Amino acid sequence: CTIPIVRATGGLDDVIKDYNPKTGKGNGFKFNEYSSKELIHSIKKALKVHFNRSEWEKIIRNGLTNDYSWEKSAIEYDKLYKQILLK
């Protein structure tokens with residue numbers, strides 16, 4: 001499982017939840033500002049967590065529990081289209 005480090009933009013902002021070591025929630029690492037400083041900060045945060053095996057395994061489990069398949073997306077689009085047609 002690859003743990004993402006992403007800039008919070010578009011679909012990445014929707015699907016990647018920044019990992020919070022206090023709550024154990026999140027499936028990756030996000031930064032907002034388009035800058036090398038922000039990217040490096042996120043990389044350092046990820047490396048710190050990476051060297052704590054139990055924390056890293058939490059992120060892996062969190063990522064594996066999400067369903068980003070087209071099958072799920074198709075169901076959501078179908079619901080949306082039906083809502084629009086019924087209005």
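Predicted model, so just to flag it, every value in this text is computed and none were measured. Each residue takes its place number in the sequence, starting with 1.
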Checking Asp78 now: which residues fulfil salt bridge (charged side-chain N to carboxylate O under 4.0 Å, His left out) with it, not counting sequence neighbours? Lys82
Check: Asn27 side chain, Val15 main-chain N or O, donor-acceptor pair, under 3.5 Å: yes
Using side-chain contact (heavy atoms from CB on, under 4.5 Å) as the criterion, list what pairs up with Thr23, not counting sequence neighbours. Asn20, Lys25
Pairs satisfying side chain to side chain donor-acceptor pair (under 3.5 Å), at least one member in residues 38-51, at least two apart: Asp18-Lys45
What pairs of residues pass the salt bridge (charged side-chain N to carboxylate O under 4.0 Å, His left out) test when at least one of them lies in residues 4-14, not counting sequence neighbours? Asp13-Lys30
Only counting residues at least two apart or in another chain, list the ones meeting side chain to side chain donor-acceptor pair (under 3.5 Å) with Ser69. Asp67
Qualifying residues under side-chain contact (heavy atoms from CB on, under 4.5 Å), relative to Leu80, sequence neighbours excluded: Gln83, Ile84
In chain order, what residues pass the salt bridge (charged side-chain N to carboxylate O under 4.0 Å, His left out) check against Glu76, with sequence neighbours excluded? Lys79
Could I get the full list of side chain to side chain donor-acceptor pair (under 3.5 Å) partners for Asn32, not counting sequence neighbours? none
Mind checking side chain to side chain donor-acceptor pair (under 3.5 Å) for Lys17 and listing every partner two or more places apart, or none if nothing turns up? none
For Thr65, which residues count as a side chain to side chain donor-acceptor pair (under 3.5 Å) partner, sequence neighbours excluded? none
Side-chain heavy atoms under 4.5 Å apart, restricted to Ile/Leu/Val/Met/Phe/Trp/Tyr: what other residues fall into the cluster of Phe51, or is it alone? Ile3, Ile5, Tyr19, Phe29, Phe31, Leu39, Ile43, Leu47, Val49, Trp56, Ile59, Ile60, Leu64
Could you pull out all residues at least two apart from Glu55 that satisfy salt bridge (charged side-chain N to carboxylate O under 4.0 Å, His left out)? Lys58
